[in-house]
Amino acid sequence: FAADFAAVRLGEGGTPLLPVERLADSTGVAELWLKEESGNPTQSFKARATRLLRDPDYLVMDEAHLAMAQTYRAVAERFPAACRLLVTATPWRLDRRGFMSLSSAMVLGATVSELVQDGSLVPVRTFSHPLLDTTKLHTVAGDYDLGEQSRLLCNDFLLGDVVKHWQQHATDRTGIVFASSVGHGALLTERFTAAGIGARLLTGETRSDERRAMLDDLRAGRVQAVVNFGVLTEGFDAPSISAISFVRATKSMSLFLQACGRGLRPAPGKTDLVVLDHGANALRHGTIDCDRVWTLADRPKGQKREAPLGK
């Protein structure tokens with residue numbers, strides 16, 4: 001999509017931030033810019049900016065729900081005259097900030113329910129089961145304290161409950177398990193394996209070659225479940241998977257929807273997606289296929305639901 005957008009604009013005489021052929025292998029101009037070099041993203045951006053022959057006419061920012069972060073804003077502020085295209089499936093932030101400082105209009109695409117109806121996405125069955133009493137959890141940086149959650153969720157009974165629900169609802173499926181910490185993920189992987197479910201643990205420290213092999217095995221069905229903490233939430237694509245187990249509570253509607261969205265793509269023989277929601281997040285935010293009312297404006301304090309549900 002970014003490559004198509006850039007190609008059209010090039011025909012109108014615009015200058016891209018990066019060559020179109022490199023755009024075709026990326027998820028967006030700004031994201032490639034920020035992630036391609038190691039080290040501090042903002043410093044990498046500043047170093048690259050000095051090497052441009054001229055300022056770009058257009059900026060394309062994928063995963064634009066992150067666009068209010070300083071690293072993204074540095075791109076927009078460096079090129080204030082450039083037209084911006086921000087792309088995201090979840091234009092909503094946990095900190096309640098909107099996007100009006102970066103965008104002047106919102107163009108809505110098809111909803112998840114509409115894409116399900118026309119076959120572009122698969123239907124969803126959600127099983128929402130609260131493992132924790134969230135009224136007893138503290139809030140850190142706007143979300144339920146992950147340290148507290150991890151300590152509670154590492155309980156033997158609760159670990160077994162996650163495995164039991166997978167066996168009940170996803171025994172013949174492949175999918176992703178989202179843990180509340182690396183330690184929690186390691187224990188879940190042990191429990192899944194002990195129950196005869198082929199599971200592997202993926203962390204931020206996993207070597208790139210091991211990660212590629214693990215995800216290839218998941219796509220091919222040689223591994224039934226990949227357990228991770230914060231690694232596969234965005235950008236990962238494996239149409240063959242049909243189960244998501246989300247084993248934590250979150251106040252972030254975007255985080256929950258992004259994670260569940262990893263399993264929405266259709267594939268041969270795939271009939272639907274099963275979401276095992278162990279944090280009662282679907283009760284808190286609505287299921288992934290609910291229609292929502294999106295806005296560029298800041299979200300007022302005291303609003304009970306993160307994104308109002310459409311009719």
Side-chain angles (χ1 to χ4, degrees), residues 124-137 143-206 214-215 217-219 221-234 236 238 240-253 255-264 272-288:
V124 184
R125 290 190 292 138
T126 303
F127 299 87
S128 194
H129 173 61
L131 291 180
L132 299 176
D133 181 359
T134 56
T135 63
K136 297 180 180 179
L137 294 175
D143 207 351
Y144 297 118
D145 188 317
L146 280 174
E148 291 181 350
Q149 288 197 67
S150 181
R151 287 190 291 274
L152 293 169
L153 289 168
C154 287
N155 172 282
D156 282 346
F157 175 79
L158 297 184
L159 290 168
D161 198 53
V162 173
V163 175
K164 180 183 71 174
H165 279 84
W166 184 283
Q167 292 172 320
Q168 289 177 341
H169 302 293
T171 186
D172 58 346
R173 297 170 181 261
T174 58
I176 304 173
V177 180
F178 292 92
S180 63
S181 69
V182 173
H184 181 218
L187 290 175
L188 283 172
T189 304
E190 291 178 4
R191 288 302 187 94
F192 271 79
T193 302
I197 301 168
R200 299 282 302 278
L201 177 65
L202 175 64
T203 75
E205 302 301 318
T206 304
M214 189 186 307
L215 297 180
D217 285 345
L218 176 66
R219 293 184 179 100
R222 293 185 291 268
V223 169
Q224 189 171 356
V226 169
V227 184
N228 79 107
F229 170 60
V231 178
L232 301 177
T233 307
E234 299 173 344
F236 173 67
S240 61
I241 67 171
S242 59
I244 298 291
S245 182
F246 198 82
V247 196
R248 56 169 289 194
T250 181
K251 294 183 180 182
S252 173
M253 181 271 302
L255 174 63
F256 178 61
L257 297 188
Q258 288 282 342
C260 294
R262 299 311 98 203
L264 280 174
D272 60 14
L273 168 67
V274 167
V275 174
L276 305 176
D277 170 29
H278 295 281
N281 299 291
L283 303 178
R284 188 175 300 112
H285 307 301
T287 58
I288 189 173

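What's counted below: heavy atoms across the whole structure, side chains too, no hydrogens, waters or symmetry copies.
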Indicate the atoms forming the closest heavy-atom contact of Val177 with Ala225, along with that distance.
CG2-CB, 4.3 Å
Contact between Leu137 and Leu152 at the side-chain level, heavy atoms closer than 4.5 Å - yes or no?
yes
Report the C-alpha separation of Leu257 and His285 in whole Å, then their side-chain angles, then the decisive distance to 0.1 Å, and conclude whether the side chain to side chain contact (heavy atoms under 4.5 Å, CB included) test is met.
CA-CA 9 Å; Leu257 297 188; His285 307 301; 5.8 Å; no
Out of curiosity, Leu153 CG to Leu159 CG, how far, rounded to the nearest 0.5 Å?
8.0 Å
Can you confirm whether Leu132 sits close enough to Glu148 that some side-chain heavy atom of one is under 4.5 Å from a side-chain heavy atom of the other?
no
I need the Leu218 CG to Phe236 CZ distance, nearest 0.5 Å.
5.5 Å
Output the distance between atom CG (Asn228) and atom CG (Leu215), rounded to the nearest 0.5 Å.
9.0 Å
The test is side chain to side chain contact (heavy atoms under 4.5 Å, CB included); show your working for Ile288 and Phe256 and say whether it passes.
CA-CA 8 Å; Ile288 189 173; Phe256 178 61; 5.7 Å; no
Heavy-atom pair of closest approach, residues Ser180 and Ser150
OG-CA, 3.3 Å
Partner residues of Phe229 under the ring pair (Phe, Tyr, Trp, His ring centres under 6.0 Å) criterion, sequence neighbours left out
none
Provide the closest heavy-atom pair for Val275 versus Val124 in the form atom of the first, atom of the second, distance.
CG2-CG1, 3.9 Å
Are Val223 and Thr174 packed together at the side-chain level, in the sense that at least one heavy-atom pair is separated by less than 4.5 angstrom?
no
Between Asp277 and Arg284 (salt bridge meaning N to carboxylate O under 4.0 Å), is one present in this structure?
no
Are Arg191 and Asp156 close enough that some pair of their side-chain heavy atoms sits under 4.5 Å apart?
yes
Which heavy atom in Ala282 sits nearest to a heavy atom in Thr126, and how many Å separate them?
CB-CG2, 3.9 Å
With a sphere of 6.0 Å drawn around CD of Glu205, does it hold more than 12 non-hydrogen atoms of other residues, nucleotides or ligands?
no
Arg262 side chain to Gln258 main-chain N or O, any donor-acceptor pair under 3.5 Å?
yes
Please list, chain by chain and in numerical order, all residues satisfying ring pair (Phe, Tyr, Trp, His ring centres under 6.0 Å) with His278, sequence neighbours excluded.
His165
Report yes or no: does Asn281 contribute a side-chain atom to a donor-acceptor pair with the main-chain N or O of Thr250 at less than 3.5 Å?
yes
Thr134: partners by side chain to side chain donor-acceptor pair (under 3.5 Å), with sequence neighbours left out:
none
Say you draw a straight line from CG of Leu264 to CG of Asp272; how long is it, rounded to the nearest 0.5 Å?
11.0 Å
Ser245 OG to Phe127 CZ distance, which is reported to the nearest 0.5 Å
12.0 Å
Trace of the side chain to side chain contact (heavy atoms under 4.5 Å, CB included) decision for Asp143 with Leu146:
CA-CA 8 Å; Asp143 207 351; Leu146 280 174; over 6 Å; no
NE2 (His169) and CZ (Arg125) are apart, to the nearest 0.5 Å, by 8.5 Å
CA sep, side-chain torsions, deciding dist, call: Leu255, Phe246, side chain to side chain contact (heavy atoms under 4.5 Å, CB included)
CA-CA 10 Å; Leu255 174 63; Phe246 198 82; 4.3 Å; yes
Minimum side-chain heavy-atom gap Val227-Val247 below 4.5 Å
no
State, with a plain yes or no, whether a side-chain heavy atom of Leu188 is found less than 4.5 Å away from one of Trp166.
no
State, yes or no, whether a side-chain contact exists between Leu131 and Arg248 at a heavy-atom distance under 4.5 Å.
no
Quick one: closest heavy-atom pair of Asp172 and Gln224, and the distance?
N-NE2, 4.3 Å
If you look at every heavy atom in Ala195 and Val163, which pair is closest and at what distance?
CB-CG1, 3.7 Å
